[in-house]
There are 2 protein chains.
Amino acid sequence: MTDSGARRAVPDAAVARLPVYHRCLLELEARGRDTVSSEQLAELAGVNAAKVRKDLSHFGSYGTRGVGYSVPQLILDLRRELGLTHNWRCVIVGAGNLGSALAAFGGFRERGFEVVGVVDVDPERVGRRVGGLRVGHEDELGGIVAEHDVAIGVVAVPPSAAQEAADRLVACGVRSILNFAPTVLDVPDEVQVRNVDLAVELQILAFHEGRRSDAVVGSVPPGVGESASA
Amino acid sequence: MTDSGARRAVPDAAVARLPVYHRCLLELEARGRDTVSSEQLAELAGVNAAKVRKDLSHFGSYGTRGVGYSVPQLILDLRRELGLTHNWRCVIVGAGNLGSALAAFGGFRERGFEVVGVVDVDPERVGRRVGGLRVGHEDELGGIVAEHDVAIGVVAVPPSAAQEAADRLVACGVRSILNFAPTVLDVPDEVQVRNVDLAVELQILAFHEGRRSDAVVGSVPPGVGESASA
DNA sequence: AGCTGTGAATGACTTCACAGCA
DNA sequence: TGCTGTGAAGTCATTCACAGCT
């Protein structure tokens with residue numbers, strides 16, 4: 001697992017933070033800021049300054065000592081590093097509530113992603129429009145992927161149908177999957193999967209919530225106050 | 001950061017996996033399985049066996065050597081550990097596409113969570129029904145939280161309104177927030193926040209996707225094949 | 001004087017490997 | 001024999017602390 005081919009450059013934990021920095025920088029740019037220090041960026045991103053500097057150093061980003069980082073330059077560097085120099089095409093499998101919400105979500109386009117298709121097995125849903133797209137039948141998946149050169153598939157179907165959805169995506173040549181179904185997908189090694197299980201997120205919150213002030217009477221254990229960027 | 005009060009028991013990384021084990025065990029139980037080995041559970045959860053054993057050992061779970069773990073017993077242990085012995089009440093702020101999808105999502109109830117309210121500022125949306133609930137006005141938030149003893153707030157509003165939504169939740173006494181807005185929320189230390197930024201997930205996929213086979217001609221770098229349970 | 005970039009120190013998590021119980 | 005529970009080793013990530021540029 002992990003990588004292997006080329007040099008390991010950026011640690012996974014850092015990769016997971018780069019998009020957050022990117023987002024904060026876009027905000028700074030919108031406010032007309034031209035430079036930013038690691039300390040300020042850290043504040044915005046909710047991490048500490050040393051981490052910001054280390055993360056950025058992984059891909060040879062060059063700030064200016066005594067000054068900070070150039071906001072536009074750093075945005076470009078991050079875009080390059082994150083592969084956002086072109087738009088990534090995505091297809092959503094499942095046009096239920098979640099799939100529809102994702103398709104209609106405007107935020108993707110601005111951040112480098114374009115939803116080019118939504119499909120579903122249910123004939124009831126085929127033909128509807130969501131987020132400016134017509135819901136296609138699942139059989140059209142191959143055509144959509146080929147036509148738009150889709151790189152990322154989003155699985156937004158019930159758990160019982162998730163493995164099949166993933167299999168179809170893989171068969172069509174998609175090698176990156178974002179899975180919202182509460183199931184571990186079985187895919188070939190060369191396919192990467194990221195899971196977002198909403199109930200898992202809630203359960204993690206509940207775990208910490210359940211550990212507050214328990215037992216220990218009269219104490220005021222300051223809880224957690226952590227922030228997790230899944 | 002992190003904890004402080006009581007004894008640190010279970011490492012964060014392990015906590016994040018417990019819900020996944022719990023989910024897999026429910027599946028096993030539904031299939032009538034009575035015992036499971038660490039190896040089998042690991043397979044289902046997409047991790048390795050040593051990790052499963054170590055994770056479970058953190059809260060003194062007792063399996064039987066030579067046999068494995070009792071499925072029903074382990075489910076109970078996990079439920080207790082995750083604080084799922086009672087249902088957690090949640091309230092959703094924001095009745096847009098995502099908020100509505102979350103409210104309508106049936107999967108929560110089965111996993112220990114109950115959505116008891118949905119609110120929005122937009123008068124246009126107030127009064128609509130989503131997932132069996134009437135959308136309330138944001139002013140009703142305090143009443144809903146108090147009445148149902150809500151523990152978890154879900155922020156599903158546009159980024160520009162997210163901080164205000166969080167402030168309101170905190171003011172109402174909610175101390176756990178699941179934030180879907182692409183913004184870092186500023187909250188008091190005793191409030192825990194988990195962020196789910198869908199575009200970030202896509203960007204992480206894109207990062208790895210962009211690193212495939214690059215440059216190195218003719219090589220067949222086996223990519224990533226990782227699985228992240230955010 | 002201010003802030004980056006980075007080796008070195010610390011800490012967290014994972015994996016190994018095996019003793020020991022059923 | 002089979003599988004758990006766990007010290008010990010190994011890997012990865014975070015934080016410190018400071019040299020060095022502007």
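Below, chain A is the first sequence line, B the second, and so on; all start at residue 1.
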>> Between C1' on C:dA12 and NE2 on B:His58, what's the gap in Å once rounded to a whole number?
In response: 11 Å
> Considering only C:dA8, D:dG5, D:dA13, which nucleotide approaches the side chain of A:Asp12 most closely?
Replying inline: D:dA13
> By a strict heavy-atom criterion of less than 4.0 Å, which residues belonging to residues 26-38 of chain B are in contact with DNA chain D?
Replying inline: B:Ser37, B:Ser38
>> Check the phosphate of C:dG5 against A:Tyr69, side-chain N and O only, distance under 4.0 Å to OP1 or OP2. Yes or no?
In response: yes
>> For B:Thr35, is there any backbone N or O sitting under 3.5 Å from a side-chain donor or acceptor partner on B:Arg33?
In response: yes
>> I'd like to know if B:Arg31 and B:Glu27 make a salt bridge, using a cut-off of under 4.0 Å between side-chain N and carboxylate O.
In response: yes
>> Within the supplied structure, the quantity of interest is the number of heavy atoms (other residues, nucleotides, ligands) at a distance under 6.0 Å from B:Glu43 CD; does it exceed 12?
In response: no
> Ion pair present between A:Glu164 and A:Arg168, side-chain N to carboxylate O less than 4.0 angstrom?
Replying inline: yes
>> Less than 4.0 angstrom from a charged side-chain N to a carboxylate O is my criterion; do B:Arg53 and B:Glu39 meet it?
In response: no
>> What is the separation between atom CD on A:Glu39 and atom C1' on D:dC16, rounded to the nearest whole Å?
In response: 14 Å
> Hey, are the side chains of B:Val115 and B:Leu102 touching, using non-hydrogen atoms and a 4.5 Å cut-off?
Replying inline: no
> Under 3.5 Å, side chain of B:Arg175 to main-chain N/O of B:Val170, donor-acceptor pair present?
Replying inline: no
>> Of the options C:dG5, C:dC13, D:dG5, whose atoms approach the side-chain atoms of A:Ser57 most closely?
In response: C:dG5
>> Please report the distance, rounded to the nearest Å, between CZ in A:Phe59 and P in C:dG5.
In response: 10 Å
> What is the distance from NZ of B:Lys51 to P of D:dT4, rounded to the nearest Å?
Replying inline: 17 Å
>> B:Asp197 vs A:Arg111, test: salt bridge (Lys or Arg N to Asp or Glu O under 4.0 Å). Steps then yes/no.
In response: CA-CA 11 Å; B:Asp197 181 332; A:Arg111 309 259 296 279; 3.1 Å; yes
> Atom CG of B:Asn48 and atom C1' of D:dG5: how far apart are they, to the nearest Å?
Replying inline: 15 Å
Under-3.5 Å N/O pairs linking protein and nucleotides 18-22 of chain D:
residue	atom	partner	partner atom	Å
D:dG20	N3	A:Arg65	NH1	3.4
D:dT22	O4'	A:Arg65	O	3.1

>> Run the side-chain hydrogen bond (donor to acceptor under 3.5 Å, both in side chains) test against A:Arg80 and tell me which residues pass, sequence neighbours left out.
In response: A:Asp77
